[in-house]
Amino acid sequence: MKVLLTGGAGYIGSHTCVELLNQGYEVVIADDFSNSKPEVINRIKEITGKDVDVYPIDVADKNAMKKLFSEQSIGSVIHFAGYKAVGESCQKPLMYYRNNIDATLTLLEVMEEFGVNKFVFSSSATVYGENNPIPYVETMPITGCTNPYGWTKLMIEQILKDACAANKELSVVLLRYFNPIGAHPSGRIGEDPSGIPNNLLPYVAKVAVGKLPKLGVFGNDYPTVDGTGVRDYIHVVDLAKGHAAALAYAENHTGAEAINLGSGKGHSVLEIVNTFSRVNNVPVPYEIKPRREGDLPEFYANAEKAKELLDWTAELTLEDMCRDLWNWQSNNPDGY
Ligand code: UDP
């Protein structure tokens, strides 16, 4: 039986694909390449020496999805496909709700039709909203999000919990990611944002490689260690291993389980900038800017549940993340 990765050509999907192929899984990718490049597939094959079937389709296209399921023997699904830019989701909320929720519903309907019951979902720490104390624990009450992107994650979590309540054979793992950064150590795959990056590390990397003049640090007057925002950064290769562990868990359980994938440690923006500069011996000019609207001062994971249920912990260090990101960015200054 094969594993279907929707959005498998994206940043987290491609790293998970490499990890699964290396572990001996057979993988099928469904990706419409709306926010990824076909070249990533060649790189995945190059790194692993293995083949992967690719369907260049929209997950919301039911007929195309049925064709995929009828041609491939799919045993489980990891659902990465979805729009993911917080700012854009505030400008175009309907587009976000339509795309992210429609794709998930279509996928679940087709899975039901073909009797596929194992599902791992790309959720996000953003579902903890703005009122929960840190560190975030899976048992905390979830009451709402601060932007439409986050709401799509929260709504899909609810849809999946309801689907599990109705279908006792369904097994769902809701992976709540913290801040994935870094790249595969080969430097052949990595994050390739289109346009000016929104997230911190892709921005830092573009400044370091000379594509952008300087980083704006959004606020230095937060109640944190040095006044700048604190997040829980996790190496994308660790994250990929977390998906493989979640898949193995889903094989032997039923019901819906939310699990944080984070390191359990927080790092400030300045700590990131300084570590990136030091490890890679490259300057990262920056200036302090006003706070970015909607940003929380500080959050990080309680990572105990992943350890208990999945036997998984983040192993790679901030230095590893910075080094691998630079290896990718400096060898691929224009992305794929
Ligand atoms: N950040 C920043 N400058 C940037 C992008 C981000 O100072 O150009 C800060 C941001 O305020 C936050 C941290 O870096 O404290 C991580 O931001 P990112 O957008 O990567 O992740 P998120 O805020 O979604 O956790």
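Hydrogens, waters and symmetry mates are skipped; everything else that's a heavy atom, side chains included, is used. All ligand and atom numbering here is 1-based and tracks the order in the structure. Here, residue 1 is the first one in the sequence, and each next residue gets the next number.
Interface of Gly229 with ligand 1, defined as ligand atoms under 4.0 Å from a residue heavy atom, comprises 15 (O). Residue-ligand proximity, Asn198 to ligand 1, at heavy-atom distances under 4.0 Å covers atoms 5 (C), 19 (O). Proximity to Asp295 (heavy-atom distance under 4.0 Å) selects the following atoms of ligand 1: 10 (C), 11 (O), 23 (O). Near Phe299, meaning under 4.0 Å from any of its heavy atoms, are these atoms of ligand 1: 25 (O). For ligand 1, the atoms sitting less than 4.0 Å from at least one non-hydrogen atom of Val217 are 7 (O), numbered in the order shown with element in parentheses. The ligand atoms of ligand 1 that sit less than 4.0 angstrom from a heavy atom of Asn179 are 21 (O), 22 (P), 25 (O).
At least one heavy atom of Tyr233 lies less than 4.0 angstrom from ligand 1.
Two different hydrophobic clusters hold Val3 and Leu68 under the rule that ILVMFWY side chains link at heavy-atom gaps under 4.5 Å.
What sits closest to atom 18 (P) of ligand 1 on the protein, heavy atoms only, is Asn199 ND2, 3.5 Å. Scanning the protein heavy atoms around atom 12 (C) of ligand 1, the nearest turns out to be Arg231 NH2, 3.8 Å. Gly216 O, 2.8 Å is the protein heavy atom nearest to atom 3 (N) of ligand 1. Looking only at heavy atoms of the protein, atom 23 (O) of ligand 1 is closest to Arg292 NH2, 3.2 Å. Val269 CG2, 3.7 Å is the protein heavy atom nearest to atom 9 (C) of ligand 1. Considering only non-hydrogen protein atoms, atom 20 (O) of ligand 1 sits nearest to Leu200 N, 2.9 Å.
Using cut-offs of 30° and 60° on the angle between ring planes, the pair Phe299 and Tyr136 is parallel. The aromatic rings of Tyr11 and His15 sit perpendicular, their planes meeting at an angle over 60°, well past the 30° parallel limit.
When only modelled atom types and interatomic distance are considered, Thr143 and Asn131 share no side-chain donor-acceptor pair under 3.5 Å. With no hydrogens or angles considered, no side-chain donor-acceptor pair links Glu298 and Thr224 at under 3.5 Å. Side-chain atoms of Arg231 and Asn199 include no donor-acceptor pair closer than 3.5 Å.
A donor-acceptor pair under 3.5 Å is absent between the side-chain atoms of Asn167 and the main chain of Ala163, judged by distance alone. With hydrogens and angles disregarded, no donor-acceptor distance shorter than 3.5 Å links the side chain of Asn22 to the backbone of Thr48.
Residue Phe218 places at least one N or O, backbone or side chain, under 3.5 Å from an N or O of ligand 1. Of the N or O atoms in Leu296, none lie within a sub-3.5 Å distance of an N or O in ligand 1. Close N/O approach between Tyr203 and ligand 1 is not found [any backbone or side-chain N/O within under 3.5 Å].
Between Arg278 and Glu319 there is a salt bridge, with a side-chain nitrogen of the basic residue lying less than 4.0 Å from a carboxylate oxygen of the acidic one. Contact check on Asp320 versus Arg323 returns a salt bridge, with a Lys/Arg side-chain nitrogen under 4.0 Å from an Asp/Glu carboxylate oxygen.
Checking His184, Lys241, His243 one by one against Glu19, the side chain to side chain contact (heavy atoms under 4.5 Å, CB included) holds for a single residue, Lys241.
Residue Thr228 does not touch ligand 1, judged by heavy-atom distances below 4.0 Å.
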